[in-house]
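Proteins get letters first, then strands, A, B, ... in listed order; numbering begins at 1 in each.
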Amino acid sequence: SHRSHTRLVARRKRRGRPRATMTGAFWFWMLIFVIGIALVFCVVVHLVTLTDLESDYINPVDATERLNKFLIPEYVVHTSITVLFLLTLNFIPFLANSLLVAWHAKRFAERQHLLDATSIYPSLAERKKQSNIKLGFYCIMFFYYMYRMVYALVRSRWTPVKINFN
Amino acid sequence: RPGGYAGAAMAMDGSVGQPELDQPLADRFVSLPLGASNSSSLDPAIAPRPSVDEARVLPRTDVLQTGGPSTEQASPRFLRMTVNAAPNSTATLNKSGLPFGAVLQPLAPARLPGEEAVPVVGFAGGGVVRCRRCRTYINPFVNWLDGGRRWKCNLCYLVNEVPAEYFGPIDEYGRRRDAHERPELSQGTVEFVASADYMVRPPQPPVYVFLVDVSYHAVATGMVATVAQTVREAINDLPGDVRTQVSVVAYDSAVHFFNLSANLSQPQLITVPDIADVFLPLPDDMLVNLQESRTLVEALLERLPNMFAGTQVLDAALGPALKAAFQLMQHVGGKLHVFATALPSIGEAKLRNREDGRRGSGTAGGAKGGGPQQNNLLLPEESFYKKLAVECSRQQICCDVSLFGATYTDAVTLGQLAKHTGGSVYHYPGFTAARDGAVVRKELRHNLTREQGWEAVMRVRCSQGVKITGFFGHFFVRGTDLLALPNVDADKSFSVTLGLEENAVTATHVAVQAALLYTTSSGERRIRVHTVSVPVLPTIADLFAHADVEAITALTAKLGAERALAGKLQEGRELIQNKCIDMLQGFRQICPPDAKQSGNILLPEPLRLLPLYALGAMKHLAFRPDGDVRADERATSLMQLECTPVHGMVSSAYPRMMPLLLDLRPPLGQPGPSGHVNLPPLLPLVAERTLANPQGCFLLEDGHQLLLWIGRAAPPQFLVDIFGRSSLDGVEPFSLELAPPSHSEAAATVHNIVEALRTERPGTLQALRVVRQGTPEELLVLRCLVEDRSVSMMSYDEFLVHCHRTVCSKVA
């Protein structure tokens, strides 16, 4: 007979689905992941500028310019991903981020959000504390996004492999 | 029961005997019994008032002894701590309720007898001796080690090497033997000559630029004429040397420049009508060297009023004019003085009349003085001025703002120019040359001719364990603990609040050092260093024993002013009251129980005038809740308060009122044995003792202005002696002047008294105004009667009782 020896071959069992299925969910979480990095970056820039100001590496006028440049984009981006969470019915990140959106809104309403070169030094300690808390928050959310992204990746790419021991 | 000064022992003018300093504080307090019939009232006669000497604001020099000569500490005229001791823990400080901080006046002139000029020290070779780590300047309080070869910094405790050329032997007490030859080791205030390392550019020449409003109202009220005449008369006395530069720029609906090139025979007017894009018509020749173009400058100032005499232009384009002036000066820096009558109405950064429809600064806010409309009027509206001020500060330009309008000129917004560049704000509401010309001339002349420091920075350092929690005044914070002051003058004052870093301070002494690096008007770069060292004391009683009521009043008022200028007027006023109550509460806690049982009002002896000064500060024009205080007046008053030195603040809180219907001849008006001039006794500030008497004549000084109040039925002989005429009917009060000293002995004595007052309050009290009973100007005098009950605020005795009850409810 032709079958003189058995060959141990692991063959992928083809199914009806097409290959390379990175679903929309994965791409969505990939986007959120990247935005999460960007948000963390914004806060880190904020903190580094404040520390530089304290140790006299930068003058207050340039520091305020730099900080204000990053502030509005941060607010806008963060609010949009929160809205996005609501629209895609991811309620846990939506609720977590809406707290921060509410705080941002309060700052905006009080006109406190933008920094002013003449009053930056007295409020330095307070702003550093706020930035530290935001950094912690963004980092935690970032890990959550990463988890969701990997989960989506695994769910979409991973299909069980059947070993044919024929 | 011994101890304390019961009511009977106090003289009518509130003076008390010299306290025994080694008596424990718990025995040195003032105990005021409440009324027998009505235990909620106090006999006003026994309430504490300052004696004549105390009202001069003489700093207590007894508490600063550290074993060395008293000159070791910086003179109190430069640096006054609110408490001449440091707490050893935050808990002690908080429980005592005392504010911990200092009031600085780095360029203060010598004011009282015995005050001397600041010694100047040059360091050859290695430059000024400073600590390696914290950069503190060498001062009398450092510790010398190793036979004088090393020194230990008293701020950061680092051991530094003594440079070889600076070495000197030390004696058995650990002090340098040559300390008396070296002012920096024996005196708390010293000025170093700065080397080239301390300059980013060669020392700048003094530059004066005058930006004058020439719209219709400015010319019609005589503002332009008065200002031009004053500047012309002062032009030869401007601080500076051969390098001084001057420019004049005028604006109404266009910006007018003047070509003052020395080649011309007369000044040339160049108008730039396009205010949307102002440019400098000439590259130079508008900012000219004073020496070379003196005749042209004087000719211009003489002709300026006539040039615009017939103008009908009502608009003022201040924003574009400021940008033009900035372009003119930005390469060198200097002093920009803005004279504005009209609200900026066209061009960039025009302002609107926010007060329109809201008469006064709080009709809706009303008696409480705290509604949202009230807050709005105290907040600046247009951010252009603040941004320009920051740019000016970077280019070493300082702006002074003088406002002369009869209607709303948004002093808060325009004042931002001065606030962030270290300048001054002046306000002459409803200016007319006839009525206010004399005052403006004298004050402007003083502003131009007083001692000034250019392109300055100031840094305040304190010992490890103590940190600076806030700065107050007119400056731009350029770095941590670093203030940028494009121009600092002799009258400017700054305050700092201090806090403890960790909970406990382990050192024996805490030092505070303020260093001002500036360029003098003659082009020398100097560093003026003031150092004060206070002992660290453990108990609350010690802190109260060393408290300085005048510095505390000044600092508390400035804290309130900062709050008010953030938009919260009522909070600012209440801050003063709450701090007063906190201090009284902190003291009551440490009083002996039987004193507490007696139910009397207990005041610590060093702070016995605190409630009076606090009430006076709350009734100050800046804080009082009355609706008849206009927003502009209030705003300028607050901004001036931020820069007032201690003696000015105390005087504004408790004005001095003296009767003049006395025997007006020596020894009155002549220096007494202590070196201070003998002054008439002070009167309590109640209307029934003063203004109710139609035959009276009083001299009133409130730290800002001098007023001479004449009653309707004043004795004719007195009027002849003082004014040279027997009746004042039909004479306009603002044209009245004192007869010259040669006229009569009484006139000479009054002149001496006025000069003595001016010496005690340098920089202010420039002009003497005569006010007659029954005229509208009498309001100026009425506002100073702080002990009386007013529409919305308590009288002095009521305030004492109120504080007492609040404190008792908190302590019991």
Side-chain angles (χ1 to χ4, degrees), chain A residues 42-76 79 102-135, chain B residues 134-135 200 372 375-376 379-395 399 413 415-423 457-460 467-485 495-497 499 501 559 562-563 565-568 642:
Chain A
C42 276
V43 177
V44 166
V45 163
H46 202 107
L47 264 177
V48 165
T49 312
L50 290 177
T51 338
D52 276 352
L53 199 60
E54 240 183 350
S55 18
D56 244 355
Y57 283 125
I58 189 176
N59 72 65
V61 182
D62 292 339
T64 17
E65 268 176 56
R66 191 197 289 181
L67 290 175
N68 286 340
K69 204 166 56 166
F70 280 98
L71 209 66
I72 296 292
E74 185 202 327
Y75 279 29
V76 163
T79 316
W103 188 76
H104 281 168
K106 178 162 148 316
R107 303 276 292 182
F108 190 83
E110 286 176 359
R111 297 271 176 274
Q112 290 276 354
H113 57 299
L114 284 175
L115 282 149
D116 179 29
T118 56
S119 58
I120 186 170
Y121 274 100
S123 53
L124 205 57
E126 179 70 30
R127 287 204 176 253
K128 269 178 72 169
K129 198 173 73 160
Q130 288 166 1
S131 293
N132 276 319
I133 295 175
K134 267 217 288 201
L135 180 66
Chain B
C134 65
R135 310 301 289 147
V200 292
N375 295 341
N376 260 332
L379 290 175
E381 189 178 40
E382 171 69 53
S383 65
F384 168 83
Y385 297 96
K386 192 194 278 200
K387 291 205 184 96
L388 184 66
V390 173
E391 283 303 304
C392 283
S393 181
R394 293 183 89 179
Q395 307 298 333
C399 291
T413 312
Q416 297 293 307
L417 279 173
K419 194 164 145 69
H420 299 294
T421 55
V457 288
M458 183 156 77
R459 179 166 252 144
V460 185
K467 66 175 183 225
I468 299 176
T469 51
F471 286 98
F472 305 91
H474 286 185
F475 45 72
F476 177 62
V477 184
R478 227 192 66 187
T480 332
D481 295 350
L482 185 66
L483 308 177
L485 304 165
S495 329
V496 294
T497 44
E501 229 158 56
L559 289 171
E562 195 229 10
R563 200 66 67 86
L565 283 173
K568 308 184 186 81
E642 282 187 312

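Of the atoms belonging to B/Lys419, not a single heavy atom falls under 4.5 Å from chain A. Using a 4.5 Å cut-off between heavy atoms, B/Val477 contacts chain A through both its backbone and its side chain.
Between chain B and the options A/Pro60, A/Ala125, A/Ala63, the largest number of non-hydrogen pairs under 4.5 Å is found for A/Pro60. Of the listed residues (A/Asn59, A/Thr118, A/Asp56, A/Leu53), the one with the most heavy-atom contacts under 4.5 Å to chain B is A/Thr118.
Sorted by first then second residue, the side-chain hydrogen bond (donor to acceptor under 3.5 Å, both in side chains) pairs that include residues 42-52 of chain A, not counting sequence neighbours, are A/Thr49-A/Arg66.
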Worked check of side chain to side chain contact (heavy atoms under 4.5 Å, CB included) between B/Asp481 and B/Val496
CA-CA 10 Å; B/Asp481 295 350; B/Val496 294; over 6 Å; no
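In this structure, a donor-acceptor pair under 3.5 Å is present between the side chains of B/Thr497 and B/Thr469.
At least one donor-acceptor pair under 3.5 Å links the side chain of A/Asn132 to the backbone N or O of A/Lys128.
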